[in-house]
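Below you'll find the structure, written out as structure tokens, and then a few comments.
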Amino acid sequence: MTVLGGLGLFLVLIFVFLMIALALVERRWPARFRSIPAFDALGGATERAVEAGERVHFSLGTGTLLGSETGPALAGLSMLTRVAEAATMSDRPPVVTAADGALVILAQDTIRSAYRRVRAADRYHASSGRLVGATPLSYAAGVPAVLNDEDASVHLMLGRFGVEGALVADAGQRKQTFTLGGTQDIQSQALLYATVENPLIGEDVFAGGAYLNAGSMHRGSLRTQDLVRVLIVAGVLIGTLLKTFGVIP
Amino acid sequence: MKRASTYLLAFIAGAAGAIVLLSYFLDLPYLSDISQWLKQTAVLLSAAALLIGLLNLVGVHLGKIGGQEKGWAYSALLVVMLAVTFTLGMLFGLDNRAVVSLFRYVQLPVEATLIALLAVSLTAAGYRLIARRPNLFNIAFMVSAVVFILGSAPWLILPGLAEPFGILRTWLAEVWAVGGARGLLLGVALGSITAGLRVLLATDRPYGD
């Protein structure tokens, strides 16, 4: 094992330890997180859609489950779990779209599991998860049709988006849906900030589970992220000062 | 029985993820081989999933055609074109002139049109942003966007303004934007790590319960 490999493994183990420890702490002493307007508004928007018999559309983006796009895809699926559970009361289940076959299958599984948990498995339909287009722009071209045909009033976007994300968001805005969006790509975040009514910035994309009460592990994860970020920022500041004053070459 | 299958799925997902993760840190030949095999299998499964996704796409649109739902004609066009492209690709290969022409004269122009639409969409979105949420951050966001455009665009009239706007653009891009982007990237990286670890620990099970 190389020194870097050992350090990497050590950091992963520290992460796991902190996540479990802070999840246990969370059960006894729950943390109060800052308000994120997008998540604050989501619950009400979903309830209104359920009561009005309208549909929730969840876009998992144009990424795949392989490579660096996995993170936001998993965050999207975590949030989908909570949204699907909230929407099971509706006659019309949420419709999930993606540009990757594997993500579509996982989305179908997630919705099916949500229905099973409320003992309403018979109301699940396979068309709840759909592949809309296999390329980013064909996906962006297909989403407006889904929003219109399915009479969606809530348009959630969480996953990997490139420039096409602005078109996907714009489709929701034109239909005057409640639109919430976030992605991991910095440039696309800027586009979504301008085009989405309720944007998620930076690590907010991964905070959905914690804010939607998906369990103590999600809240513990968020506390771990905050703790590690403070440590990294402190390290950067100390390193900068040491370098400025010539303590380290 | 259901509970057993849940545990089994969680174990397989966790073990596969742990092997691939450990192979980045530990220099063990067997671990590396298994990790490589798992990654190749994932790519193959992903390709198979795309086919299943396409079947799902066809199923949804056939349902619309059968039910004569709103926009069923577009669905019919989609299914026909998908069948034509798929058949041509399977029979003659992707280098075939007809297949290449379909991409060059249908797919590419449509996608280029969408990209052109993006400029219009973003301009409208910028206006909506200020109208909807006229706070300090949004005004700063829009002013920065305008400075970037003015600093990058050619100045046919008043060419003397090109240099000061260019300097301002560079200062914004290399100081403020890079600083902010590093902060955001740090948050995204930490979020990605915890999202992945939750799946490894089976507290998040996107493969169903």
Side-chain angles (χ1 to χ4, degrees), chain A residues 1-2 5-6 8-9 12 15-16 19 64-66 70-71 74-75 77-78 100-102 104-106 109-110 112-113 116-117 126-127 129-132 134 137 140-141 145 149 163 166-167 170 173 184 186 189 191 193-195 197 201-203 205-206 215 217-218 221 224-225 228-229 232, chain B residues 21-22 24-27 42-43 45-54 56-57 59-60 63-64 69-71 74 107 110-111 114-115 117-118 121-122 124-126 128-129 132 141 145 181 183-188 190-199 201 203-209:
Chain A
M1 185 172 24
T2 62
L9 187 58
V12 167
F15 250 97
V16 171
M19 282 167 67
T64 66
L65 267 179
L66 305 172
T70 314
L74 293 175
L77 288 166
S78 284
D100 178 54
V104 170
I105 293 169
L106 289 183
D109 263 357
T110 302
R112 189 189 293 129
S113 297
R116 266 200 213 127
R117 276 195 289 275
S127 67
R130 297 180 194 175
L131 183 88
V132 170
L137 284 168
D149 296 350
V163 290
L167 290 169
D170 190 55
Q173 291 289 336
Q184 97 288 16
I186 302 299
Q189 280 189 16
L191 291 176
Y193 185 79
T195 48
E197 191 184 355
I201 304 297
E203 70 272 21
V205 174
F206 298 92
M217 198 60 174
H218 281 264
S221 296
T224 304
Q225 284 168 240
V228 174
R229 183 172 34 254
I232 291 173
Chain B
L21 181 66
L22 287 175
Y24 285 103
F25 304 128
L26 303 175
D27 198 15
V43 173
L45 287 175
S46 184
L50 179 63
L51 276 179
I52 295 170
L54 284 175
N56 164 283
L57 179 79
V60 167
K64 279 187 173 187
E69 288 176 30
K70 189 172 70 178
Y74 296 114
Q107 178 103 1
V110 169
E111 294 202 343
L114 280 172
I115 288 288
L117 271 178
L118 194 62
S121 294
L122 286 177
R128 275 202 304 264
L129 179 70
R132 195 172 55 226
F141 180 84
L184 291 176
L185 278 174
L186 179 62
V188 168
L190 292 173
S192 293
I193 292 170
T194 53
L197 288 176
R198 279 199 307 270
V199 176
L201 295 172
T203 52
D204 268 8
R205 293 185 293 275
Y207 37 83
D209 289 335

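Within every chain, numbering begins at 1; the chains are lettered A, B, ... in the order of the sequence lines, protein sequences first and strands thereafter.
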### Message
For Arg198(B), which atoms come within 4.5 Å of any heavy atom of chain A: side chain, backbone, both, or neither?
### Response
both
### Message
Could you walk me through whether Leu57(B) and Arg130(A) satisfy the side chain to side chain contact (heavy atoms under 4.5 Å, CB included) test, starting with their C-alpha distance in whole Å, then the side-chain angles of each, then the deciding distance to 0.1 Å, before giving a yes or no?
### Response
CA-CA 6 Å; Leu57(B) 179 79; Arg130(A) 297 180 194 175; over 6 Å; no
### Query
So which part of Ile193(B) gets closer than 4.5 Å to some heavy atom of chain A, the side chain, the backbone, both or neither?
side chain
## Note on the structure
Cut-off 4.5 Å, heavy atoms of chain A, and the answer for Leu51(B) is neither
### Task
Just give me the residue among Gly6(A), Gly8(A), Gly202(A), Gly71(A) that pairs up with chain B most often, heavy atom to heavy atom, under 4.5 Å.
Gly8(A)
### Task
Output all residues satisfying ring-ring contact (aromatic ring centres under 6.0 Å, His included) with Phe15(A), sequence neighbours left out; order by chain, then residue number.
none
### Message
Please classify the contact between Thr70(A) and chain B as side chain, backbone, both or neither, with a heavy-atom cut-off of under 4.5 Å.
### Response
neither
### Pairs of heavy atoms under 4.5 Å with chain B: top-ranked of Arg112(A), Gln189(A), Gln173(A)
Gln173(A)
### Query
Checking heavy atoms, do the side chain of Ala194(A), its backbone, both or neither come under 4.5 Å from chain B?
both
### Query
Can you name the closest pair of heavy atoms from Gly196(B) and Leu74(A) and give their distance?
CA-CD1, 4.1 Å
### Query
Rounded to the nearest 0.5 Å, what separation is found between the CG atom of Asp109(A) and the CZ atom of Arg205(B)?
12.5 Å
### Query
Which value, rounded to the nearest 0.5 Å, describes the distance between Asp204(B) atom CG and His218(A) atom NE2?
3.5 Å
### Query
When you look at Ile115(B) and Leu137(A), which way does the side chain to side chain contact (heavy atoms under 4.5 Å, CB included) test go after all the steps?
CA-CA 8 Å; Ile115(B) 288 288; Leu137(A) 284 168; 3.9 Å; yes
### Query
Within a radius of less than 6.0 Å around CZ of Phe141(B), do more than 12 heavy atoms belonging to other residues, nucleotides or ligands occur?
yes
### Task
Among the options Gly129(A), Ser221(A), Ala102(A), pick out the one with the most heavy-atom pairs lying under 4.5 Å from chain B.
Ser221(A)
### Task
Working to the nearest 0.5 Å, report the span between CG of Leu197(B) and CE of Met19(A).
5.0 Å
### Query
Taking every heavy-atom pair that is under 4.5 Å apart, which of Leu22(B), Leu184(B), Val199(B), Leu45(B) has the most such pairs with chain A?
Leu184(B)
### Task
Please flag which part of Leu114(B) lies under 4.5 Å from any non-hydrogen atom of chain A: side chain, backbone, both or neither.
both
### Task
Go through Leu21(B), Leu118(B), Thr203(B) and name the one with the most non-hydrogen pairs under 4.5 angstrom from chain A.
Leu118(B)
### Summary
Value for CG (Leu9(A)) from CG (Leu26(B)), rounded to nearest 0.5 Å, stands at 5.5 Å
#### Entry: Proximity breakdown for Leu50(B) and chain A, heavy-atom pairs closer than 4.5 Å
both
### Query
Roughly how far, to the nearest 0.5 Å, is CD1 of Ile105(A) from CD1 of Ile52(B)?
4.0 Å
#### Entry: Top contributor to chain A interface from Ala195(B), Ser192(B), Gly53(B) [non-hydrogen pairs under 4.5 Å]
Ser192(B)
### Taking every non-hydrogen atom, the tightest pair across Tyr193(A) and Leu129(B)
O-CD1, 3.6 Å
### Query
Quick one: of Ile201(A), Val163(A), Leu65(A), Thr64(A), who has the most non-hydrogen atom pairs under 4.5 Å with chain B?
Val163(A)
### Query
Short question: side chain of Asp170(A), backbone of Ala125(B) - any donor-acceptor pair under 3.5 Å?
no
### Query
Quick one: what part of Glu69(B) sits under 4.5 Å from any heavy atom of chain A, side chain, backbone, both or neither?
neither
### Message
If we define contacts as heavy-atom pairs under 4.5 Å, which of Leu167(A), Val16(A), Thr224(A) has the most with chain B?
### Response
Leu167(A)
### Task
Answer with side chain, backbone, both or neither: which region of Val43(B) has an atom nearer than 4.5 Å to a non-hydrogen atom of chain A?
both
### chain A contacts, top residue of Leu117(B), Asn56(B), Asp27(B) (heavy-atom pairs, under 4.5 Å)
Asn56(B)
### Atom of Gln225(A), atom of Leu190(B) and distance for their closest heavy-atom approach
O-CD1, 3.6 Å
### Task
Go through the atoms of Leu185(B) and report whether side chain, backbone, both or neither lie under 4.5 Å from a heavy atom of chain A.
both
